[in-house]
Amino acid sequence: MGFRSGRKRGRALTQIATATLAATLLGAMGGTAAADSPAPVPAPLQNIQPQTLKLTVPWAGKGKAPNALQSRMAATALSTSGAVNAPSFHFSGVMGNGDLYQQLPSGNGFEPRTRVAPGWDIFKAAQNVDRDKDGFADGLYTWDGDGNLRFTSPKNDFETETSLIGGGWNIYDKVLSPGDLGGNPESDIMAIDKAGMMYVYLSYSDGRLTGRTEIGGGWDQYTQIAGQGDLTGDGKAEIVARDKSGVLWLYKGTGNWKAPFEPRQKIGSGWNAYDYLLSTGDVNGDGKTDLLARTTSGDLILYKGNGNTPDPFDKPVKVGWSYGAYQLMF
């Protein structure tokens, strides 16, 4: 597995953020926003062969591991298939004025933040994905206030391209891509509508999606849902969900897109102390997915993953403060 230097990764992150915003604003001026629909999906994909959608240009130049963190990741993050089950994504935060800031993982938390682009207050949600399973982000889904879902990916080392996946996504309250939910190599999407029904969309390598599959109801009982890759060491993407009483639940992945999660397992209570839960994957480089939580006072707390079930996290560690300034984090 190759690794990107901090400079090249930072340059790539800036390119994707800027290109995403520019394409979204251009689309808005062109009237691409679509009305809500019962099943927001793009054109039918049944006649498209997945191999024809593969992108062959890497996200950024790859070289030797630049630091001890990435050296540890090289030794711990690979599965038996050679794919990374716990990606290491950068942290992104959108300020109230729309400025986007990003931070690379440092091993114990995150490096100092960098301002990347303005105007990101138009987005309701965003999610990095790792399509080539080398552990780093090489694609980005964004969901704007008009209900449009877009995908931005690398065209070459210096350019990106953004495509409109579909409109009508305002029927959903939550949209998340925790990783491979259906047993294919791509990062799929789970979406929960306002009635609490969950749907799964399988993803193609260019970001386009299949039609949705209804999974089941009752998901409106959860106020926060987070996940990014393998949490328990079984090689499957998993999520955690916090209910309205503050109890956190673990949903282990199955790899079956028709029933992507096993019955829930209780992790613990008291999680209403946090107003935001998210995962950027592996923060400390041990090959296990971690969880980030923001306190109501704005402190950022890291829960390191340990691979155990049903207690998948070590004791919380404070890794930052003043994160209450962000209205969106991913």
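As the structure is a prediction and not an experimental result, all values here were calculated from the model.
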Could you walk me through whether T309 and L250 pass the side chain to side chain contact (heavy atoms under 4.5 Å, CB included) check?
CA-CA 9 Å; T309 305; L250 168 67; 4.0 Å; yes
Assign the ring pair Y201 / W169 to parallel, tilted or perpendicular, where the plane angle (0 to 90°) is split at 30° and 60°.
tilted
L100 vs S92 side-chain heavy atoms within contact, under 4.5 Å:
yes
Give me each pair satisfying salt bridge (charged side-chain N to carboxylate O under 4.0 Å, His left out) with a member in residues 230-242, each pair once, sequence neighbours excluded.
none
Separation between CD of E186 and OG1 of T210, rounded to the nearest 0.5 Å
11.5 Å
Identify, with sequence neighbours excluded, every residue that meets side-chain contact (heavy atoms from CB on, under 4.5 Å) alongside E262.
K252, T254
Transitively linked via ILVMFWY side-chain contacts under 4.5 Å: I192 with F261?
yes
Is there a continuous path of hydrophobic side-chain contacts, each under 4.5 Å between heavy atoms, that joins I301 to V319?
no
Name all residues meeting the side-chain hydrogen bond (donor to acceptor under 3.5 Å, both in side chains) criterion together with N108; count only those two or more places apart in sequence or in a different chain, and write none if there are none.
none
Side chain of D130, backbone of G135: donor and acceptor closer than 3.5 Å?
yes
How does the hydrophobic cluster around W321 look, that is, which other residues are in it when side-chain heavy atoms under 4.5 Å mark a link?
none
Tell me, please, which residues at least two apart from S297 pass side-chain hydrogen bond (donor to acceptor under 3.5 Å, both in side chains).
T295
I'd like to check the salt bridge (Lys or Arg N to Asp or Glu O under 4.0 Å) partners of D173; sequence neighbours left out, ordered by chain and number.
K194
Close side-chain approach of P312 to K304, heavy-atom, < 4.5 Å
no
Does S203 have any side-chain hydrogen bond (donor to acceptor under 3.5 Å, both in side chains) partners at least two apart in sequence or in another chain, and if so, which?
Y141
By ring-ring contact (aromatic ring centres under 6.0 Å, His included), which residues pair with F91, not counting sequence neighbours?
F110, Y323, Y326
Are a donor atom and an acceptor atom from the side chains of N148 and W143 found within less than 3.5 Å of each other?
no
Would you compute the distance between atom CD1 of I215 and atom CE of M190 and round it to the nearest 0.5 angstrom?
9.5 Å
Checking D99 now: which residues fulfil side-chain hydrogen bond (donor to acceptor under 3.5 Å, both in side chains) with it, not counting sequence neighbours?
N97, R115
Reported CZ-to-CZ distance for the pair F136 and F89, which is rounded to 0.5 angstrom
10.0 Å
Which residues share a ring-ring contact (aromatic ring centres under 6.0 Å, His included) with W271, sequence neighbours left out
Y274, Y303
Stepwise salt bridge (charged side-chain N to carboxylate O under 4.0 Å, His left out) test for R150 and D144
CA-CA 8 Å; R150 290 181 171 83; D144 66 31; 2.8 Å; yes
Note, D282 side chain near P87 side chain (heavy atom, < 4.5 Å):
no
Which residues pass the salt bridge (Lys or Arg N to Asp or Glu O under 4.0 Å) test with D299, sequence neighbours left out?
K318
If you round to the nearest 0.5 Å, how far is CG of L277 from CG of L292?
9.5 Å
Indicate yes or no for a side-chain donor-acceptor contact from T289 to the backbone of Q228 under 3.5 Å, with no hydrogens or angles considered.
yes
Taking ring-ring contact (aromatic ring centres under 6.0 Å, His included) as the definition, give me every residue that meets it alongside W219, ordered by chain and number, with sequence neighbours left out.
Y222, Y251
Do T213 and Y199 have side-chain heavy atoms sitting under 4.5 Å apart?
no
